[in-house]
Amino acid sequence: MSGGGAGGSSKQKVESSSKSDTSFKRKRGVFQKELQHMMYGYGDDQNQLPESVALVEDIVVEYVTDLAHKAQDVASKRGRLMIEDFLFIIRKDYPKLNRATELLAMNEELKQARKAFDMDEEKLVSGD
């Protein structure tokens with residue numbers, strides 16, 4: 001008998017989550033091209049099924065949304081969402097943490113290179 005009650009409560013959870021999902025409509029296919037390239041790069045067929053791409057997109061969007069909500073919960077104590085909040089959330093997943101740290105360092109290097117390039121360009125223009 002308790003199995004039937006548990007099944008009913010999980011049904012209620014599914015129904016309530018699907019109701020909240022329908023109230024928020026997102027534009028589908030936004031990441032379609034990028035996901036197709038990534039899927040091909042990881043060994044999928046060059047022409048993937050649209051259903052496969054849509055499924056992967058749904059999974060990715062759900063994961064990123066969940067990650068952002070968790071980071072917002074962590075940041076709510078401080079009142080401001082920062083990059084460190086995302087790093088805190090993925091701290092136990094070493095490959096993700098290392099990749100995120102690597103990308104942040106690369107982003108900082110690119111910022112510095114753009115800044116140096118802009119300064120050099122200004123010197124050339126003012127030197128004429």
Side-chain angles (χ1 to χ4, degrees):
M1 295 236 173
S2 63
S9 66
S10 65
K11 247 186 194 179
Q12 290 172 350
K13 288 179 185 176
V14 170
E15 289 174 6
S16 66
S17 68
S18 66
K19 287 178 185 175
S20 65
D21 290 342
T22 57
S23 64
F24 173 72
K25 302 225 180 197
R26 70 173 183 86
K27 189 175 177 182
R28 294 196 180 270
V30 175
F31 305 111
Q32 184 175 2
K33 285 289 182 196
E34 293 83 0
L35 287 172
Q36 286 175 333
H37 292 299
M38 288 175 66
M39 289 170 69
Y40 179 64
Y42 279 101
D44 199 358
D45 191 52
Q46 189 168 6
N47 298 315
Q48 299 89 8
L49 292 173
E51 295 86 6
S52 298
V53 177
L55 177 63
V56 171
E57 182 179 28
D58 288 343
I59 292 168
V60 168
V61 169
E62 182 179 335
Y63 174 77
V64 171
T65 302
D66 185 47
L67 187 70
H69 285 267
K70 288 178 182 177
Q72 183 63 44
D73 290 342
V74 169
S76 65
K77 298 173 184 131
R78 191 176 45 256
R80 184 173 159 206
L81 186 62
M82 298 173 63
I83 293 171
E84 288 77 17
D85 299 321
F86 289 96
L87 296 176
F88 179 78
I89 297 299
I90 61 171
R91 72 189 181 279
K92 293 180 181 176
D93 190 344
Y94 294 115
K96 285 181 190 163
L97 181 62
N98 289 335
R99 181 65 175 152
T101 308
E102 179 184 336
L103 289 172
L104 288 169
M106 193 182 316
N107 187 41
E108 192 59 38
E109 287 179 31
L110 287 171
K111 283 182 186 178
Q112 296 297 326
R114 283 189 202 107
K115 186 177 177 182
F117 181 76
D118 289 341
M119 290 175 63
D120 289 344
E121 192 174 81
E122 288 175 11
K123 287 181 184 177
L124 288 173
V125 170
S126 65
D128 288 341

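Here, residue 1 is the first one in the sequence, and each next residue gets the next number.
Without hydrogens or angle criteria, E57 side chain to V30 main chain gives a donor-acceptor distance under 3.5 Å. When atom types are taken as modelled, the side chain of T65 and the backbone of V61 share a donor-acceptor pair closer than 3.5 angstrom. Without hydrogens or angle criteria, Q36 side chain to V53 main chain gives no donor-acceptor distance under 3.5 Å. A distance-only check finds no donor-acceptor pair linking the side chain of E62 to the backbone of I59 [under 3.5 Å].
Using a 4.5 Å cut-off between side-chain heavy atoms of Ile, Leu, Val, Met, Phe, Trp and Tyr, with links allowed through other members, L97 and L81 fall into the same hydrophobic cluster. I89 and I83 fall within the same hydrophobic cluster, defined by Ile, Leu, Val, Met, Phe, Trp and Tyr side-chain heavy atoms under 4.5 Å apart, directly or through other members.
Q112 places none of its side-chain heavy atoms less than 4.5 Å from the side chain of E109. Using a 4.5 Å cut-off on side-chain heavy atoms (C-beta onward), L67 and F86 make contact. With contacts defined as side-chain heavy-atom distances shorter than 4.5 Å, the pair R28/D58 qualifies. The shortest distance between side-chain heavy atoms of L87 and L104 falls below 4.5 Å. Looking at L35 and F31, their side chains come closer than 4.5 Å, going by heavy atoms from C-beta outward.
A salt bridge links D66 with K70: the distance from a Lys NZ or Arg NE/NH1/NH2 to an Asp or Glu carboxylate oxygen falls below 4.0 Å. For R78 and D85, the salt-bridge test passes: some basic side-chain N is under 4.0 Å from an acidic carboxylate O.
Within a 6.0 Å radius of CE in M119, no more than 12 heavy atoms belonging to other residues, nucleotides or ligands are found.
For the atom pair L49 CG and L55 CG, the distance stands at 11.0 Å (nearest 0.5 Å). The structure places CD of Q32 at 10.0 Å from NE2 of H37, a figure rounded to the nearest 0.5 Å. From F88, atom CZ reaches atom CZ of R91 across 3.5 Å, with rounding to the nearest 0.5 Å.
When every heavy atom of Y40 is checked against every heavy atom of Q46, the shortest pair comes out as CD1-CA, 3.4 Å. Pairing each heavy atom of A100 with each of I90, the nearest pair is CB-CD1, 3.9 Å.
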